[in-house]
Amino acid sequence: MLNDRDRELIVMLAKGYTTTRIARELHLSRYTVAEWISKLLDRFSCSNRSQLVAYSYAHRLLHVGIWPPSASSAIS
């Protein structure tokens, strides 16, 4: 189950944001963001950010064919 914050993070990853930029925009530490990404990678059995983004598109967590990326709120 993804919450809105998880979806927001995945959208930022799909846009190519770095850990530092995500941390700055969400007012979190880089270490908090890195840990959060790591937990999502583990949750979806992905080995890197690119694979997590691909997984998110394949499982309709992100809308296909829309730029900039946006999250699908129908998936939980």
Side-chain angles (χ1 to χ4, degrees):
M1 179 178 208
L2 283 180
N3 59 40
D4 291 339
R5 202 78 161 153
D6 291 337
R7 285 187 186 93
E8 183 179 14
L9 175 67
I10 292 172
V11 166
M12 290 178 165
L13 292 174
K15 290 179 179 180
Y17 287 16
T18 64
T19 300
T20 302
R21 183 169 180 190
I22 294 169
R24 190 177 335 116
E25 292 207 11
L26 298 179
H27 307 289
L28 300 169
S29 78
R30 286 180 43 240
Y31 304 104
T32 299
V33 172
E35 181 65 24
W36 185 11
I37 293 168
S38 179
K39 286 180 182 181
L40 285 174
L41 292 173
D42 287 344
R43 184 186 310 173
F44 297 114
S45 300
C46 296
S47 58
N48 58 51
R49 294 164 182 238
S50 298
Q51 192 176 31
L52 178 60
V53 170
Y55 177 95
S56 297
Y57 277 115
H59 290 88
R60 300 179 191 259
L61 303 175
L62 295 174
H63 293 292
V64 177
I66 296 175
W67 189 261
S70 66
S72 173
S73 59
I75 304 298
S76 51

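Applying the salt bridge (charged side-chain N to carboxylate O under 4.0 Å, His left out) test to every pair with at least one member in residues 14-27, sequence neighbours left out, gives these pairs: Arg21-Glu25.
When side chains are defined from C-beta on, Leu13 counts as touching Ile22, because their heavy atoms get closer than 4.5 Å.
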Please list, one pair per line, the donor and acceptor atoms closer than 3.5 Å that link side chains of residues 30-39 to other protein atoms, with sequence neighbours excluded.
{"from": "Arg30", "atom 1": "NE", "to": "Thr20", "atom 2": "OG1", "distance (Å)": "3.4"}
{"from": "Thr32", "atom 1": "OG1", "to": "Ser29", "atom 2": "OG", "distance (Å)": "2.9"}
{"from": "Trp36", "atom 1": "NE1", "to": "Asp6", "atom 2": "OD1", "distance (Å)": "2.7"}

Donor-acceptor list for residues 49-56 side chains, cut-off 3.5 Å, not counting sequence neighbours:
{"from": "Arg49", "atom 1": "NH2", "to": "Thr19", "atom 2": "OG1", "distance (Å)": "2.2"}
{"from": "Gln51", "atom 1": "OE1", "to": "Ser47", "atom 2": "N", "distance (Å)": "2.5"}
{"from": "Gln51", "atom 1": "OE1", "to": "Ser47", "atom 2": "OG", "distance (Å)": "2.8"}
{"from": "Ser56", "atom 1": "OG", "to": "Leu52", "atom 2": "O", "distance (Å)": "2.8"}

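Residue Phe44 holds its CZ atom at 5.5 Å from CG of Leu61, rounded to the nearest 0.5 Å. Rounding to the nearest 0.5 Å places CG of Leu2 at 12.5 Å from CD of Glu8. A distance of 11.0 Å separates CD1 of Ile10 from OH of Tyr57, quoted to the nearest 0.5 Å.
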